[in-house]
Number of protein chains: 2
Amino acid sequence: MMRRILGIDPGSIKTGWGVIEAEGGSFTHLESGILRLGTGEMSGRLLILHRGLCDVIERLKPSECAVEEIFLAKNFQSVLKLGQARGVALLSAGAASIPVREFAAKTVKQAICGQGQASKTQMQNMVIRILGLAENPGEDAADALGIALCAGYSKDGVGADARFRLSSRSRAGTRWRLKES
Amino acid sequence: MMRRILGIDPGSIKTGWGVIEAEGGSFTHLESGILRLGTGEMSGRLLILHRGLCDVIERLKPSECAVEEIFLAKNFQSVLKLGQARGVALLSAGAASIPVREFAAKTVKQAICGQGQASKTQMQNMVIRILGLAENPGEDAADALGIALCAGYSKDGVGADARFRLSSRSRAGTRWRLKES
């Protein structure tokens with residue numbers, strides 16, 4: 001069964017998003033981007049976020065949505081701001097009746113890089129390779145695609161925490177087939 | 001000039017709201033209530049919140065909105081959840097192009113009770129007296145009305161932090177006229 005997954009990496013200044021198609025361990029990048037919310041009034045920023053995500057959802061019609069669980073943040077105000085953006089992201093999916101799943105950062109790293117301690121750069125490089133992207137979609141979009149990929153792995157009966165290894169060499173445009181190692 | 005102010009006390013389980021009319025230091029209670037978001041999936045809860053607030057805004061057409069600033073919370077997860085509900089509240093106002101102002105809890109207490117250290121019960125009793133309510137509207141709704149009242153005071157040139165004293169005795173239905181002491 002083909003699934004279309006929207007990954008979201010919410011933030012109060014910019015929010016990354018990415019939509020992939022997943023079918024039996026094979027992944028295709030559909031579209032990804034970064035919503036820039038500016039630095040104005042928070043209610044206006046959140047409106048830009050909501051409208052942007054609603055537009056993505058309406059155009060690309062994902063069947064499910066994934067966001068990262070949050071456990072760490074710099075300070076109280078950053079958690080609060082992150083929470084606000086996250087709430088709007090969850091609402092945007094909920095308003096379109098799209099089920100949302102949450103994955104711990106460690107689980108995402110484990111699924112994409114095979115280890116929970118992978119660096120941001122490692123993660124992004126792997127996302128680019130797995131999806132055969134011609135260029136880096138930008139940090140926030142790559143993170144969102146990583147979350148979408150993690151959701152893609154996790155429902156194929158393999159489990160998001162399983163280790164994967166690539167079954168073919170990196171080449172732009174390749175649809176990576178992943179096997180459990 | 002008559003202003004119609006929506007106060008919101010956001011929470012991820014229930015959210016209090018209240019709408020008052022403010023005209024030259026005189027306040028009238030229009031409507032208030034509590035949106036119960038249940039305990040289901042967060043995206044569904046936030047959708048109930050968004051729809052509930054949009055309904056209030058559409059029916060009562062407030063000209064401005066006020067929420068409390070947050071500085072304290074039990075723990076990381078409670079800030080995150082509070083942030084999520086707060087983000088949806090800000091969005092709901094922003095979507096209707098209603099300006100939102102934020103007030104510190106201390107400022108609200110100072111404006112309503114004349115002292116920043118007032119207890120929750122003192123606050124609620126004062127809100128009930130100022131608005132001449134026949135009964136307690138419920139803790140969350142009373143808090144939301146308190147925030148709306150604080151916004152009501154703050155734009156009349158008096159300043160939200162000024163001390164007020166009631167110019168007439170408590171009586172249900174009384175429109176309280178407030179004077180600076």
Side-chain angles (χ1 to χ4, degrees), chain A residues 6 8 10-13 15 35 37-38 40-55 57 62 64-105, chain B residues 6 8 10-13 15 35 37-38 40-55 57 62 64-105:
Chain A
L6 166 63
I8 306 175
S12 62
I13 295 170
T15 284
L35 295 166
L37 315 184
E41 288 283 309
M42 188 54 78
S43 61
R45 286 199 234 173
L46 296 172
L47 186 59
I48 295 170
L49 173 55
H50 183 54
R51 288 190 175 154
L53 289 177
C54 287
D55 173 63
I57 289 169
E64 57 191 280
C65 177
V67 294
E68 210 169 87
E69 278 178 13
I70 313 289
F71 291 109
L72 277 175
K74 261 190 305 195
N75 57 45
F76 183 92
Q77 284 302 319
S78 67
V79 189
L80 187 67
K81 283 180 188 168
L82 186 58
Q84 291 178 169
R86 197 170 196 274
V88 169
L90 295 177
L91 168 72
S92 305
S97 303
I98 300 171
V100 183
R101 285 192 297 162
E102 303 187 26
F103 297 94
Chain B
L6 166 62
I8 306 175
S12 62
I13 295 170
T15 284
L35 295 165
L37 314 184
E41 289 283 308
M42 188 55 78
S43 61
R45 284 199 236 173
L46 295 173
L47 187 59
I48 295 170
L49 173 54
H50 183 54
R51 288 190 174 153
L53 289 177
C54 287
D55 172 64
I57 289 168
E64 57 190 279
C65 176
V67 293
E68 209 169 88
E69 277 179 13
I70 313 288
F71 291 109
L72 276 175
K74 261 191 306 196
N75 57 44
F76 183 94
Q77 284 302 320
S78 67
V79 190
L80 187 67
K81 284 180 188 168
L82 186 58
Q84 291 178 168
R86 199 169 193 274
V88 169
L90 295 178
L91 169 72
S92 305
S97 303
I98 301 170
V100 183
R101 285 191 298 162
E102 302 188 25
F103 297 92

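Each chain gets a letter, A, B and so on, in the order its sequence line appears, and its residues count up from 1. All values reported here derive from a predicted model rather than from experimental measurement.
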Point-to-point distance, once rounded to the nearest 0.5 Å, from CG of A:L37 to CD1 of A:I13: 8.5 Å
Which residue out of B:E41, B:R45, B:Q84 racks up the most heavy-atom pairs below 4.5 Å with chain A? B:Q84
Which answer fits B:A93, side chain, backbone, both or neither, if we ask what part of it has an atom under 4.5 Å from a heavy atom of chain A? neither
Find the distance between CD1 (A:I57) and CD1 (A:I8) and round it off to the nearest 0.5 Å. 6.0 Å
Between atom CG of B:L6 and atom CG of B:L53, what is the distance when rounded to the nearest 0.5 Å? 7.0 Å
Considering all heavy atoms, the nearest B:R86-A:L80 contact: CD-CD1, 4.2 Å
Just give me the residue among A:A95, A:S12, A:S43, A:S97 that pairs up with chain B most often, heavy atom to heavy atom, under 4.5 Å. A:S43
Which one, A:V79, A:V100, A:L49, A:L82, leads in non-hydrogen pairs under 4.5 Å with chain B? A:V79
Under a 4.5 Å heavy-atom cut-off, does chain A meet the side chain of B:E102, its backbone, both or neither? neither
Using every non-hydrogen atom in the two residues, find where B:A105 and B:E68 come nearest and quote the distance to one decimal. CB-OE1, 3.6 Å
Pairs of heavy atoms under 4.5 Å with chain A: top-ranked of B:L46, B:V88, B:L91: B:L91
